[in-house]
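Notes follow once the structure below has been shown.
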Amino acid sequence: MIDLKLVQKQPEVLAKALADRHSDLCVDQFLELDARRRALLTEVEELKSRRNAASGEVAACKREGRDATTLLQELGTLSERIKALDTETVTAKAAVEEWLMRVPNLPDASVPVGRDESENVEIARHGQPRVFDFPVQEHGELGTALGGLDFVRAARLTGSRFAILQGWAARLDRALVNFFLDQHTRHADYQEVCPPYMVNRSSMTGTGQLPKFEEDLFKLSDWDYYLIPTAEVPLTNLHASEVLNEADLPRGYCAATPCFRSEAGSAGKDTRGLIRMHQFTKVEMVRFAHPDDSFNQLEIMTGHARRLLELLELPYRVITLCTGDMGFGAAKTYDIEVWLPAQNTYREISSCSNCTDFQARRADIRYKPKGGKSGFVHTLNGSGLPTGRAMAAILENGQQKDGSIVLPVALRPYLGGLEVIEPC
RNA sequence: GGAGGGGUAGCGAAGCGGCCGUAACGCGCUCGACUCGAAAUCGAGUUACCGGUGAUGAGCCGGUACGUGGGUUCGAAUCCCACCCCCUCCGCCA
């Protein structure tokens with residue numbers, strides 16, 4: 001949620017941000033809603049002030065044994081008017097809140113303004129895409145031929161956009177999880193967490209999935225619980241309604257969890273392979289930062305994700321998402337894209353965002369400086385990394401003419417020293 | 001699922017219809033005194049949010065908040081109802 005004060009005091013700033021994001025929300029319309037809310041509040045508060053004063057008098061009368069009949073009659077009417085006005089005020093407040101909940105975060109000044117993904121800006125590149133002297137195969141074919149992936153049975157078992165990993169693939173998935181978590185906990189400052197994979201409505205609202213993006217989620221039918229689309233949700237909500245000590249910032253958490261996404265609206269996209277699944281495993285990084293430090297922390301966290309790709313010997317590039325392509329809660333996002341030879345292009349494998357105080361305000365996550373006034377922390381999240389897309393990249397980039405896969409050196413200790421995945 | 005206990009400021013905890021929400025008491029935190037300095041001790045201060053005013057500051061005025069939502073009442077932390085969460089015991093269970 002953005003700051004109501006900011007909308008009131010500098011509506012033009014929000015209007016510009018909304019225009020940059022190509023949102024159709026109307027600021028002027030909102031200001032009218034808010035003006036109405038404030039007018040009602042002023043009116044009802046004045047009445048309440050009178051009621052409080054008169055109630056005090058009633059108490060005094062009772063104490064001194066005086067008659068309070070006239071006062072009580074007057075108070076009766078007053079209370080009825082207050083009750084009616086209160087109802088209106090609640091409605092007006094709800095309208096304001098509902099609108100605010102649908103407003104995306106303000107893009108940071110450093111974010112390029114643009115319409116869609118075509119206007120994202122590449123800022124770094126690492127590694128050279130390998131030159132192949134044989135026709136490259138895509139990872140789905142490779143993995144299936146090597147006996148590790150089974151999309152046919154998965155479709156029968158459940159449906160489309162599911163995969164079965166077996167044998168070396170199941171083990172590789174587990175190896176990637178362990179490798180990523182070890183890096184984050186041993187070579188960075190993240191604390192490992194195993195959170196619930198279902199969360200309640202309030203948590204989903206806290207991180208911004210609700211109320212706007214309900215159709216992207218899987219919801220349980222008899223419970224008001226949702227399957228998490230990313231560990232960002234439980235990790236960020238870890239400190240919901242809490243006040244952290246300023247000295248505890250920055251603080252990082254990581255978790256490997258399954259992620260569940262309905263992929264509504266992406267019918268026909270990435271229908272082959274592991275790129276777009278209803279269920280996938282991802283290691284997520286979340287950081288809580290001091291507002292003055294959060295953009296620095298974004299660079300640090302993006303570095304953590306990049307390092308994983310470097311250790312896996314995978315070529316990648318980093319892009320800054322433009323205003324039109326950025327997610328709802330982000331003020332700034334770096335996408336890391338890994339080279340996929342079969343698609344002859346870079347594909348997103350990690351998204352690292354600074355959500356500034358947007359989620360913190362929704363989830364009520366504050367920090368308190370020693371002796372100072374508390375404020376909202378800044379929250380950051382980044383993938384580090386999803387195992388499915390990582391596996392896809394490893395298979396495609398490591399493929400040999402005979403269909404075998406040479407594994408990255410850093411991963412071999414996690415696979416009992418295995419160097420090459422051979423055809424069965 | 002059954003029985004009981006509980007949810008009050010950063011934390012612990014008292015209050016159980018108006019004199020108790022700038023919320024007793026304790027801890028913590030801030031400032032001061034004592035001290036060469038520190039500890040100990042002593043003193044003072046320290047809830048959040050919303051509205052009005054003001055400069056998006058300070059201050060002042062007002063309102064709201066005792067798990068959440070309703071109800072009773074002129075008035076609710078306090079009484080009633082529903083729900084959520086935590087603890088203890090019983091049942092069931094990987």
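Note that these values count all heavy atoms, side chains included, but never hydrogens, waters or copies made by symmetry. Residue numbers begin at 1 in each chain, while the letters A, B, ... track the order of the sequences.
Spacing between B:rC60 and B:rG45 at atom P, rounded to whole Å, works out to 15 Å. Taking the P atoms as reference points, B:rG18 lies 10 Å from B:rA77, given to the whole Å. When the P atom is compared between B:rG32 and B:rG37, the two are found 13 Å apart, to the nearest whole Å. Separation of the P atoms belonging to B:rU47 and B:rC79 is 27 Å when rounded to the nearest angstrom. Nucleotides B:rC16 and B:rG91 are separated by 38 Å at their P atoms, to the nearest Å. When the P atom is used for both B:rC93 and B:rC87, the distance is 22 Å, rounded to whole Å. Nucleotides B:rA14 and B:rG75 are separated by 30 Å at their P atoms, to the nearest Å. Distance noted for atom C1' between B:rU56 and B:rG17: 41 Å (whole Å).
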Step-by-step side chain to side chain contact (heavy atoms under 4.5 Å, CB included) determination, A:L415 to A:R171: CA-CA 7 Å; A:L415 291 159; A:R171 190 177 190 192; 3.9 Å; yes
All N/O pairs under 3.5 Å across the protein-nucleotides 81-85 of chain B interface:
none

Just the atom pairs and distances: protein N or O near nucleotides 58-62 of chain B's N or O, under 3.5 Å.
from   : atom 1 : to    : atom 2 : distance (Å)
B:rG62 : O3'    : A:S49 : OG     : 3.3
B:rG62 : N2     : A:E45 : OE1    : 3.0
B:rG62 : N2     : A:E45 : OE2    : 3.3

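Contact of A:Q10 with B:rU56 (side chain to base): a donor-acceptor pair of N or O atoms is detected under 3.5 Å.
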Bracket string, RNA chain B, 5' to 3' - pairs by Watson-Crick or G-U geometry under 3.5 Å, | interstrand: ((((((((.[[[..)..(......]]]((((((.......))))))(((((((.....))))))).[[[[[..)....]]]]])))))))....
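A cation-pi arrangement is absent between A:R362 and A:F376, since the terminal nitrogen or guanidinium carbon is not both under 6.0 Å from the aromatic centre and inside a 45° cone about the axis.
Counting heavy-atom neighbours within 6.0 Å of A:E46 CD, excluding the residue itself, gives a total of 12 or less. Within a 6.0 Å radius of CD in A:E12, more than 12 heavy atoms belonging to other residues, nucleotides or ligands are found. Residue A:E88 qualifies as enclosed at atom CD: its count of foreign heavy atoms under 6.0 Å is above 12.
One atom, NZ of A:K9, and another, P of B:rU53, lie 10 Å apart when rounded to the nearest Å. If you take CZ of A:R366 and P of B:rU47, they are 14 Å apart, rounded to a whole angstrom. Taking atom NZ of A:K83 as the reference point, atom C1' of B:rC74 lies 11 Å away to the nearest angstrom. Put simply, CG on A:D86 is 13 Å from P on B:rG63, counting in whole angstrom units. Taking atom NZ of A:K5 as the reference point, atom C1' of B:rG52 lies 12 Å away to the nearest angstrom. For the pair A:D364 CG and B:rA65 P, the computed distance is 18 Å after rounding to whole Å. Note: CD (A:E246) to P (B:rG10) measures 16 Å, nearest angstrom. Atom CG in A:L244 sits about 13 Å away from atom P in B:rG10, given to the nearest Å.
If you find the closest nucleotide of RNA chain B to A:R50 and to A:Q8, the one lying nearer the 5' end belongs to A:Q8.
Electrostatic pairing of A:E284 and A:K282 counts as a salt bridge here, judged by a charged N lying under 4.0 Å from a carboxylate O.
For A:T42, taking side-chain heavy atoms from C-beta onward, the closest of the listed nucleotides B:rC74, B:rC50, B:rG52 is B:rG52. For A:V243, counting side-chain heavy atoms from C-beta on, the closest listed nucleotide (B:rG75, B:rG10, B:rU72) is B:rG10.
Aromatic ring centres of A:H278 and A:F218 lie closer together than 6.0 Å.
In this structure, a donor-acceptor pair under 3.5 Å is present between the side chains of A:Y414 and A:D182. In the model, A:S353 has no side-chain atom that pairs as donor or acceptor with a side-chain atom of A:K332 under 3.5 Å. With no hydrogens or angles considered, no side-chain donor-acceptor pair links A:T77 and A:E80 at under 3.5 Å. Inspection of the A:D86 and A:T89 side chains reveals no N or O donor paired with an N or O acceptor under 3.5 Å.
Remark: A:R37 is in phosphate contact with B:rG51, judged by side-chain N or O atoms under 4.0 Å from OP1 or OP2. Not one side-chain nitrogen or oxygen of A:R38 sits closer than 4.0 Å to the OP1 or OP2 atom of B:rC50.
Closest approach of A:A331 and A:F295 over heavy atoms only: CB-CZ, 4.5 Å.
Between A:H239 and A:Y253, the ring-plane angle classifies as tilted under the 30° and 60° cut-offs.
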